[in-house]
Amino acid sequence: MTPRTGRLLVLAGVFICAACGLVYELELVALASYLIGDSVTQASVVLSVMVFAMGIGSLLAKRLRCRAAVGFGLVESALALVGGLSAMALYAAFAWTGDKGEVWAGGSRYLLVAFSLAIGLLIGAEVPLLMVLIQRIRRQDASGAVSDLFAADYVGALVGGLAFPFLLLPLFGQLSGALITGAVNAVAGGALVFGLFRHDLSVRGRWVLLVANVTVLGLLASAAALVGDFEAAARRAVYGKDVRVAVRTDIQEVVLTGGRKTSLDLYVDGRLRVSGRDEYRYHRALVGPAMEGRHARVLVLGGGDGLAAREVLRHPGVRRVDVVEPDPGLVRLARHDPALSELNGQVFSDPRVHVVHADVFRWLRSPPRTYDVVISDLPDPASTASAKLYSQEFYGLARLALAAGGRLAVHAGSVDDRPRVFWTVEATLRAAGLPTEPYRVAGRSADWGFVLAAGSRPRPAVEPRRGTAGAPPRAGVVSAEGTRIRGLAPSTLVHPRYAN
């Protein structure tokens, strides 16, 4: 083999290993954002810890330069094993260290830092060892060797970064995608060492590397064969044994448990969104106060489960309900799942209900009409992904969608559990020029907080007493003014003020 060919093969190995390393990094960020929430924090933790560890790994690799070939082979085997199994380990910690529904994420956070540190150490050790190996093929000045290695490394990172969201994630999912990446990493590292530098290995070194690579590939293959059973067992640990539907849509994971509408639970990305036992309290409290007044045209933002639209149609005089839901998979379940469609009263079959699948923020920038009532039935503001839907800019757009005398009802989280989040939502609405009326309603296990806003001062929307399950839509709704936190700044797109 000519030195030119050998150099190209080394750079090809660098390219593949760099692509795998970035996939591990993105896998940790994506899975941690899904399991723990707050994607900005998780990305910051992974990137900062990993870059720090890469520097430490580069320093530690100095001790392996005299045995660069066997050192590089062992580093790649360890990286393939740790990176390939990282997703399953994080998911296992998420599933088996928490209660049903509301998952304790402390174990997942510690494990996230540990994997970021381990993967960063191993990635950092690659380049110094590769510098030694590429110089053995053809001697060249250090600057030229560094330029070649980093060029291959950065191009490989580009390919890995694009392959993760567009190839691995949609085709294989997070768990299988990480295992496949680990297998590719192990094969590439082993092929590079045995193909080009086998003469640098002692007999013992060859056997050590061979056993290490075969063991790693065997473990990854075994995990891949069991990934379906593992995921099902983890899902049962999180949601209980009565999981009926578990689908990964283009946007989120949706899980339905329970066979009847009274026992139905709807989870979105691991968090309980709807409980058939007391969802009527939530949706009546969200919709009822805003419907006092003219309500011929109603806009529901989110609400792909159909339950907010069901409450809207309970009121006579409604002529049109537009539901803007970004996830068509959730709407399909709401239409066709027997228990969920029974719970929402098959509302999507009503000719007055029109569904639009679009990003809610983007759709509000050019709504086709104005509305008498706007219902914001969106995920909690504490997650980074939904923070823009609780921003001053968002409420400014919602205000433009209101007809004269129109009302806007917003789910604002829990008054008791996260009072600063609730009152920040209220302050943000006021900063958008909307007079507000905060109120709350008690559920079985927690309270829900809402804010009614209008172009002019809203009529009193709350009652001074709690109602019962069979009372009119406003029953059970009480004012939240007594818990007000004053002086909070509004949340904006460039300065979100919500956090887990």
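Each residue takes its place number in the sequence, starting with 1. Note that the coordinates shown come from a computational prediction; the quantities given were computed from them, not determined experimentally.
- The CG atom of Leu488 sits 10.5 Å away from the CZ atom of Arg486 when rounded to the nearest 0.5 Å.
- A donor-acceptor pair is defined here as one N or O able to donate and one able to accept, closer than 3.5 Å; no such pair exists between the side chain of Arg273 and the backbone of Leu266.
- In summary, the side chains of Asp327 and His357 do not present any donor paired with an acceptor at a separation below 3.5 Å, with no hydrogens or angles considered.
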Atom pairs and distances, donor-acceptor, side-chain atoms in residues 174-192, under 3.5 Å, two or more places apart:
from   : atom 1 : to     : atom 2 : distance (Å)
Thr181 : OG1    : Gly177 : O      : 2.8
Asn185 : OD1    : Tyr24  : OH     : 3.1
Asn185 : ND2    : Glu76  : OE1    : 2.7

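- The aromatic rings of Phe94 and Tyr91 sit parallel, their planes meeting at an angle under 30°, below the 60° perpendicular limit.
- In terms of modelled atom types and a separation under 3.5 Å, the side chain of Asp447 and the main chain of Val415 share a donor-acceptor contact.
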* To do: Test ring pair (Phe, Tyr, Trp, His ring centres under 6.0 Å) on Tyr282 and Phe450 and set out the steps.
  => CA-CA 9 Å; Tyr282 168 90; Phe450 308 90; 5.4 Å; yes
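- In this structure, the side chain of Ser58 engages the main chain of Gly124 through a donor-acceptor pair within 3.5 Å.
- Side-chain atoms of Val360 and Pro326, non-hydrogen and from C-beta on, do get closer than 4.5 Å to each other.
- Using a 4.5 Å cut-off on side-chain heavy atoms (C-beta onward), Leu209 and Leu201 make contact.
- Residues Tyr390 and Phe394 place their aromatic rings such that the two centres sit no closer than 6.0 Å.
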Under 3.5 Å donor-acceptor pairs involving side-chain atoms of residues 7-15, not counting sequence neighbours:
from : atom 1 : to     : atom 2 : distance (Å)
Arg7 : NE     : Asp148 : OD2    : 3.2
Arg7 : NH2    : Asp148 : OD1    : 3.3
Arg7 : NH2    : Asp148 : OD2    : 2.7

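- Contact check for Arg497 versus Val421: no side-chain heavy atoms found under the 4.5 Å cut-off.
- The structure places CZ of Arg67 at 9.0 Å from CG of Leu64, a figure rounded to the nearest 0.5 Å.
- For the side chain to side chain contact (heavy atoms under 4.5 Å, CB included) with Ser116, the qualifying choice from Val51, Leu121, Val49 is Val49, the only one to do so.
- In this structure a side-chain-to-backbone donor-acceptor pair under 3.5 Å is present from Glu393 to Leu493.
- In this model, no donor atom of one side chain and acceptor atom of the other lie less than 3.5 Å apart for Ser44 and Thr41.
- Using a 4.5 Å heavy-atom cutoff, the side chains of Leu343 and Val274 are in contact.
- Without hydrogens or angle criteria, Ser275 side chain to Asp265 main chain gives no donor-acceptor distance under 3.5 Å.
- The OG1 atom of Thr492 sits 13.0 Å away from the OH atom of Tyr395 when rounded to the nearest 0.5 Å.
- With rounding to the nearest 0.5 Å, the separation of OG1 in Thr257 from CG in Asp242 is 5.0 Å.
- Aromatic ring pairs are classed by plane angle as parallel below 30°, tilted from 30° to 60° and perpendicular above 60°; the pair Trp96 and Phe230 is tilted.
- The only member of Ile375, Val323, Val356, Val324 that meets side chain to side chain contact (heavy atoms under 4.5 Å, CB included) when paired with Leu299 is Val324.
- Using a 4.5 Å cut-off on side-chain heavy atoms (C-beta onward), Leu79 and Ile119 make contact.
- Inter-residue side-chain proximity for Glu25 and Val23 is flagged as unmet; no heavy-atom pair is nearer than 4.5 Å.
- Heavy-atom contacts from other residues, nucleotides or ligands closer than 6.0 Å to CZ of Arg365 number 12 or fewer.
- Judged purely by atom type and a 3.5 angstrom limit, Arg198 uses its side chain to pair as donor or acceptor with the backbone of Gly195.
- Expressed to the nearest 0.5 Å, how far CG of Asn344 lies from CZ of Arg335 amounts to 10.0 Å.
- Closest heavy-atom contact between Gly304 and Glu325: N-OE1, 3.0 Å.
- A donor-acceptor contact shorter than 3.5 Å is absent between the side chain of Ser386 and the backbone of Leu389.
- Put simply, the side chain of Trp448 never gets that close to the backbone of Ala412: no donor and acceptor are under 3.5 Å apart.
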